[in-house]
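Notes for the one structure printed next.
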Amino acid sequence: MSGLDPRAPLVLDTHELGRRPGSQRQVSRTVPAPADLGIDVLHVPEGSPVDLDLRLEAVMEGVLVTGSAHADLEGECARCLEPITDEVDADFQELFEYDDRDHGREGDLDDDVRRLEGDLLDLEPLLRDAVVIELPFQPLCTDDCPGLCPECGARLADDPDHAHDAAVDPRWAGLAALQQDED
Ligand SMILES: [Zn+2]
Ligand SMILES: [Zn+2]
């Protein structure tokens, strides 16, 4: 009995490994990103391609998954809210234990342990964790983004010299006039 769909893009079948410790399989596939992969301000758009390179290796306790994921990111600058794009490369390694393995304990299975369901394993939670770890808490359009003007909300990177004081520096008045002439 398995609750996993063997045809789901992020579900892997380990049947070929035959539970022989040392047997390996390389898997390269491109899968559509699941919803909500990443964080609110920076995420992999749902359905966009995620390139996976994986090695599945049977060990005594289960199947060791070692791999990397690559995907494009969309989000917005935490300071100026400008849309930004980026890429993420996430590496991961995790042991999925056989689900019928005797753990010598009754009932209190460790929730931190990932398990196979029959021959199938679900890569999605692992992928989510690996991607989120790679993301900055505060994505920025540029490292020194000056953010928004606290008075009018203008994006300061577009208009670094803008000011609200009526007192215009006389040294700039001439330049401003020149610019107006050009317009
Ligand atoms: Zn910015
Ligand atoms: Zn302003």
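Index from 1, following the sequence. When a ligand or atom number is given, it counts from 1 through the structure's own listing order.
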For the Zn ion (ligand 2), angle spanned by Cys149 SG and His162 NE2 (nearest 10°) is 110°
Angle subtended at the Zn ion (ligand 2) by Cys152 SG and His164 NE2, to the nearest 10 degrees, is 110°
message = Is there a continuous path of hydrophobic side-chain contacts, each under 4.5 Å between heavy atoms, that joins Tyr98 to Leu64?
response = no
Taking the Zn ion (ligand 1) as the apex, SG on Cys141 and SG on Cys77 give an angle, to 10°, of 110°
Assess the side chains of Glu87 and His70: does a donor N or O sit below 3.5 Å from an acceptor N or O? yes
Nearest heavy-atom approach of Leu17 to Ser23 is O-OG, 2.8 Å
Discussion item. Does Asp159 have more than 12 heavy atoms from other residues, nucleotides or ligands lying within 6.0 Å of its CG?
Written reply: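 Counting neighbours around CG of Asp159, more than 12 heavy atoms of other residues, nucleotides or ligands fall under 6.0 Å, so yes.
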